[in-house]
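Reviewing the structure listed below.
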Amino acid sequence: MTEQEILRRESLAKLREMGVEPYPAEMYEVTAHAADITQNYREEVLEDGTKNRLNFQEVSLAGRVMASREAGKAMFMNLQDSSGRIQLYLRRDDFLTEEGAPIFDTLVKKLLDLGDYIGVKGFAFKTKTGEVSVHVQQLTFLSKALRPLPVVKKDADGNTFDAFTDPEQRYRMRYVDLTVNTQFREIFLKRSRMIRTMRSYLDELGLLEVETPILQPIHGGAAARPFRTHHNTLDMELYLRIANELYLKRLIVAGFDGVYEFGKMFRNEGMDRTHNPEFTALEFYVAYKDYVWMMQVTEQMLERVARALSPDGSSRATVGEHEIEFAGPYRRLTMYEAVREYTGIDVESADEAALRSYCRQEQIETDNSMGKAKLIDEIFGEKVEHHLIQPTFLIDYPVEMSPLTKKHRSSPGLVERFELFVNGKEVANAYTELNDPVDQRERFEDQLRLAARGDEEAMAMDEDFLRALEYGMPPTAGIGFGIDRLTMLFTGQASIQEVLFFPQMRPEK
RNA sequence: GAUCUCGUAGCUCAGUCGGUAGAGCACUUGACUUUUAAUCAAGGAGUCAUGGGUUCGAGUCCCAUCGAGAUCACCA
């Protein structure tokens, strides 16, 4: 233990000796919050020059002591609650035992430490320097802190000193990070508001919120390596889901017109500033619709999110150096048009060899297992994707890369799929769902052939899903959103770790 | 997985050419009854990430390991 930790344990023991419980069980009545008082306190100056305080004259608030300044027989502290900070003013003469013995020096000045949770009762007033404060008449210890918090200071110009900045410590000890770096709370408030806005939009559309299995016997619905686990009683291998798509479609088969799920997905792949092993997706599926309808819904939903998150209700958001307009309609570009526009290649007429030589020329990595579709996708990723700053629907993908997507109504070799790109990154993936069970079986068989060639991410055959389709699934549109990526977009964060409370870390020591 | 950078007091950081471990804040003691990065005086606090090596001597140089960040590869 460090010196400071030992001292705090000694303070704890002394409090108990004095009959003060540092961790009381009973609730503490809170009648006011810091931000409300500092923003709404009113007082008037009477004709004789005295001040008349108009509100907050009997308040009870609770929070953490974040700073203290002793001034002789008085003391100032900053109390932080969930709404913000407020200054407390304490005078020695206000703190006496029932017998009248002074306890200010011992109890408050010595045994109260930064980081302690306390409750205070008193009245609001303005100090000589004009700061709205609470004159404390009664103080209650609510929880003693045994470790010192980092002390982050700010001066009058807003300059920060000794900020708690080490990303490793911030992510490992989010409780400390969010206590002292309160600006990061805003990211998570926005994340919550974003999800709430989407949920209420989907509820208005009449969709049903559902939950589907995370432990799955067959990992389907996406191309990714799964986490494996084992169920003891069943004595069988299970996978943490990489997607919930096939289960949501079973519910469409079951006769629900529309279903949605916000849920964690798990992918056993690399970690970097845009990938965490577990991440959150929103997927929804709506019967009797197609991907054209889904584009309009996407535009409406994201516009609503943007307005909910911007301070002035604007549909625009600033992301890095770009101002992004989320009100629709968004630009629509086919995969082929996009590649032609940014590279000049006519991918429709080009053959595999021509694409391969272009990749060589542009130093785009390829391997021999890649077919024409995969090569186009590689070129898109290298040459096009980062140009798509304003929301852009990229539509109509080659059939080989979309085993769950319905064939295009008019363009052979393509499927009815779109991905939404914003700020050069994919944020949603949608399609007119494949509901032809015979076609779906053939697509799975193609995937099996890929797996046999060593593709670890190829989808497995899911006989029960095929059986469901054979019972009949109505024509359906479906979409998946990366909630973490969207949060990054709307909060201007470059790292996924900043939008997750507890990003995955290697174990300490 | 590869490459580069980083790891020193509770926090933020110095530490020169290899020669006794430093500062500010925090902490302790004292002064001050409207302070606010409070101020003033004095003081305490370190397994220099871990383990080896070179050297008379290593925070510093070399190797390995652990952890983090950035870039790249894969993926969303």
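Lettering of chains follows the sequences in order, A, B, ..., and the numbering in each one begins at 1.
A/Ala163 comes within contact range of the sugar-phosphate backbone alone, with a heavy-atom separation under 4.0 Å but no base atom that close. A/Glu278 comes within 4.0 angstrom of nothing in the nucleic acid, heavy atoms only. Using a 4.0 Å heavy-atom criterion, one finds that A/Thr165 contacts the sugar-phosphate atoms exclusively. Looking at heavy-atom distances under 4.0 Å, A/Asp484 makes no contact with the nucleic acid at all.
Taking a cutoff of 4.0 Å between a charged side-chain nitrogen and a carboxylate oxygen, A/Arg417 and A/Glu419 qualify as a salt bridge. Ionic pairing of A/Lys126 and A/Glu131 is not present here: no N-O contact between side-chain nitrogen and carboxylate oxygen is shorter than 4.0 angstrom. A salt bridge between A/Glu498 and A/Arg185 is absent, with no side-chain N of the basic residue lying under 4.0 Å from a carboxylate O of the acidic one.
With values rounded to the nearest 0.5 angstrom, A/Thr392 atom OG1 is found 11.5 Å from A/Ile395 atom CD1.
The 5' end of RNA chain B is approached more closely, in terms of each residue's nearest nucleotide, by A/Pro148 than by the other of A/Ser11 and A/Pro148. Between A/Pro150 and A/Glu382, it is A/Pro150 whose nearest contact on RNA chain B lies nearer the 5' terminus.
Of the candidates B/U33, B/U35, B/A68, B/U35 carries the atom nearest the A/Thr127 side chain, counting heavy atoms from C-beta on. Checking B/A68, B/A26, B/U34 against every side-chain atom of A/Met505, the shortest atom distance belongs to B/A68.
The gap from the C1' atom of B/G18 to that of B/C11 amounts to 30 Å, rounded to the nearest Å. A gap of 40 Å separates the P atoms of B/A70 and B/G57, to the nearest Å. Annotation: B/G22 and B/U60 have their C1' atoms spaced 15 Å apart (nearest Å).
Of the nucleotides present, none pairs with B/G44 by Watson-Crick or G-U wobble criteria with both distances under 3.5 Å. B/G69 is paired with B/C4 under the criterion used here, namely a Watson-Crick or G-U wobble arrangement in which both key atom distances are under 3.5 Å.
At B/A37, none of the side-chain N or O atoms of A/Arg69 fall inside 4.0 Å of OP1 or OP2 (strictly under the cut-off). When the side-chain nitrogen and oxygen atoms of A/Lys126 are compared with OP1 and OP2 of B/U34, none of them lie within a distance under 4.0 Å. Phosphate proximity of B/C74 to A/Arg225: absent, as no side-chain N or O sits under 4.0 Å from OP1 or OP2. Look at A/Gln169 and you won't find any side-chain N or O under 4.0 angstrom from OP1 or OP2 of B/A68.
Summarising the geometry, the separation between OH on A/Tyr431 and C1' on B/A76 is reported as 13 Å, rounded to the nearest angstrom. To the nearest angstrom, P of B/U29 lies 10 Å from NZ of A/Lys109. Per the geometry, CE belonging to A/Met271 stands 17 Å off P belonging to B/A76, to the nearest Å.
No hydrogens or angles were tested; on distance alone, nothing pairs the side chain of A/Glu131 with the base of B/U34 as donor and acceptor under 3.5 Å. For A/Asp162 against B/G24, a side-chain-to-base donor-acceptor contact under 3.5 Å is present.
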Which parts of nucleotides 39-45 of chain B does protein reach within less than 4.0 Å, heavy atoms only, written one letter per nucleotide 5' to 3' as B for base, S for sugar-phosphate only and - for none?
-----BS
